[in-house]
Number of protein chains: 2
Amino acid sequence: MGAITLDDVAIKAGVSAKTVSRVVNGERSVRPQTRERVLRTVEQLGYRPNLLARGLSGSHAYTVGLVYDNPNAYYIIAMQQGALAACDDLHFGLQMRPCNARAATLAEDLRDFVHRSRLSGLVLTTPVSEHMVALRKLAAFGIPFVRILSAARNPDDGYACVFVDDRDAAYAIVSHLLQLGHVRIGLLQGGKHHHASAERRKGYKDALQHYGIPVRKELMIDGDYVFDDGFRGARRLFDLAEPPTAIFGCNDEIAAGALAAAQSAGLHVPYDVSIAGFEDSPFSRHSWPPLTTARQRADAIVERATRMLVAQINGNTVENSGFTPELVVRGSTAPPRPKRQRRQRQ
Amino acid sequence: MGAITLDDVAIKAGVSAKTVSRVVNGERSVRPQTRERVLRTVEQLGYRPNLLARGLSGSHAYTVGLVYDNPNAYYIIAMQQGALAACDDLHFGLQMRPCNARAATLAEDLRDFVHRSRLSGLVLTTPVSEHMVALRKLAAFGIPFVRILSAARNPDDGYACVFVDDRDAAYAIVSHLLQLGHVRIGLLQGGKHHHASAERRKGYKDALQHYGIPVRKELMIDGDYVFDDGFRGARRLFDLAEPPTAIFGCNDEIAAGALAAAQSAGLHVPYDVSIAGFEDSPFSRHSWPPLTTARQRADAIVERATRMLVAQINGNTVENSGFTPELVVRGSTAPPRPKRQRRQRQ
DNA sequence: ATGAAAGCGCTAACAG
DNA sequence: CTGTTAGCGCTTTCAT
């Protein structure tokens, strides 16, 4: 009925419980012969360690928490997969934790979360990872964490992180549009409280400047990382006296909204207007035409962060490391049409 | 540093640990006056019960597992949200568990999962929930579970479930197309090992028969619940000597593929061809035109299943109950064009 | 209505 | 290299 315990194995193998514990946890100090015998007994009995007991007894529960405040389902799943890949490999458990990054008690909430389950540490994703006040408190609480954040270079602020160069990736996307011959390029921005938004805007501006194109305010539309804002923002761009010939949506959901807006306005993508996204979510592949975008390996990023966290928990120091999303060119971007040929809006 | 324990509260409040335990767990047998004092101390100290200790000590860990084998990210997130809503409300924990429904050791894997964390029970989603052999084993292991499955009526097989009437919903979708005047309606099917696939096909056939339209083999295309199969399947339909004027994709991802295929073939949706999906995933809202679909409240369904499970764990018997996804009409479906007017394929 | 004692299954800290 | 002794923080069981 109940599960097999350490003692069951110990008795059957004729050793102490502690020895079984040592073998199961891969400690070195066990004679190969003994280890062999224990392992066989474990196999034979189908013993599986009880995670609760281990966690309660030990100094931590061999489980990490993945903290997020993000409306994007794909992103969450991708992160979960990456974290799971690392956790499965390292024999750690995983707890997913949606939270409110703007709550005044953020750090205290997270501390309670950690204490309740004796979590070993936290992987913090944006925008939680950008909340410096909370980070300082967590550090003061003695809770290990690794951040994932948007930055062009290693922040080197004493807190471990994996940094993603959104700026460079945005630069690459806009450069791609410029190289195709676009000059008027609209920018549909995402929420201001994500640091990534500023980085992506910076990449956009840098690219324009590098090509000697003036940055125009009317081509930069505010919004959030959602479809509807992409739709509305694109319509505003189309309504300009001189509309852009290309649009950079700051994530794929925004770009999908822009694509829908174009189609609803009778514009043909990419012939009448080019559209690029950011993220490489399934959205970008499942539209027609498929979206040019920047491949952001959320799973790989989170997997690395999780491995860093575990290393840190095990007392190993780890260097921060960076990712740069890579440009993926698909059908939604093409050279602009010469003006006189452009089809009239309906 | 460390968290506050039951004993801390007990000492401060001048009662025994057991009394604090009783108060925290909402047991009746405590004098209101005592309860009040304990509650105040809990508040004051910011005490949060340690879930590991509770789980280890008690007969189960007040945590349920949500088991899935499903490639669809939106679906998983929706389910997770529903389960979380129930768990938060009932003060239960949640463990997400991807698994391989075709593994020979499925039941044993799940048993190990339950034992390792002393889970209180499992919510099983399709297709795991349809694996009768595994279900019988789980029952024999004494593991409580609630299934979510596709069925037109209560299976009443002794195992608790929430059943979703895919057949009726598919019937409603195809009826909608028929009422618009469509006669040749293509069906893009999903994977055969999902019982829902058979149900949806049945709904399709029933609707046609009810309207006296013969069921044609060449209009029914096999595939899986993925974009690419929707794309390919739709192209095969368009290539028929007499292509359908409407297509029912068995989920939104398939329908999105069909939509892309139509657009890539220069067909205008819905004027040249109507397309309907199933699921009401964000896909269906984020395409252009947005997709007619059947709203399947995965979150609500899983929330109900989770509540049923907890009730069952607490020793209360619960009736099985059903959901029927409801038709959502959007821009992707319209009456067929009279034949002579239909635009030539490019 | 409340408390005392005895674990849950494991690991930490110390022996040997 | 291996074993012993104490707990981890809570709930169970049985008293009172």
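Each chain gets a letter, A, B and so on, in the order the sequences are listed, and its residues count up from 1. Every value quoted in this text rests on a predicted model; they were computed, and no experiment measured them.
Identified under the salt bridge (charged side-chain N to carboxylate O under 4.0 Å, His left out) test for residues 36-48 of chain A, with sequence neighbours left out: A:Arg48-B:Asp112. Applying the side-chain hydrogen bond (donor to acceptor under 3.5 Å, both in side chains) test to residues at least two apart or on different chains, the pairs with a partner in residues 85-102 of chain B are B:Asp89-B:Arg307.
The side chain to side chain donor-acceptor pair (under 3.5 Å) search around A:Ser281 returns A:Asp252, not counting sequence neighbours. Contacts of A:Arg297 classified as side chain to side chain donor-acceptor pair (under 3.5 Å), with partners at least two apart in sequence or in another chain: A:Asp299.
In this structure, B:Arg304 and B:Gly322 approach most closely via the heavy-atom pair NH1-O, 3.7 Å.
Aromatic ring centroids of A:His115 and A:Phe141 lie 6.0 Å or more apart. The distance between the ring centers of A:Tyr74 and B:Tyr74 falls below 6.0 angstrom. The aromatic ring centroids of B:Phe163 and B:Phe323 lie 6.0 Å or more from each other.
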query: Which parts of nucleotides 8-16 of chain C does protein reach within less than 4.0 Å, heavy atoms only, written one letter per nucleotide 5' to 3' as B for base, S for sugar-phosphate only and - for none?
result: BBBBB----

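Between A:Thr34 and D:dT2, a side-chain N or O to OP1/OP2 separation shorter than 4.0 Å is present. Taking 4.0 angstrom as the limit, A:Ser16 places none of its side-chain polar atoms (N or O) nearer than this to OP1 or OP2 of D:dT2.
When the C1' atoms of four end pairs are superposed on the next four at each end of the helix from C:dA1-D:dT16 to C:dG16-D:dC1, using five pairs per end, the two resulting axes differ in direction by 30°, to 10°.
Across all strands shown, A:Ser29 has heavy atoms under 4.0 Å from base atoms, whether or not it also approaches the sugar-phosphate.
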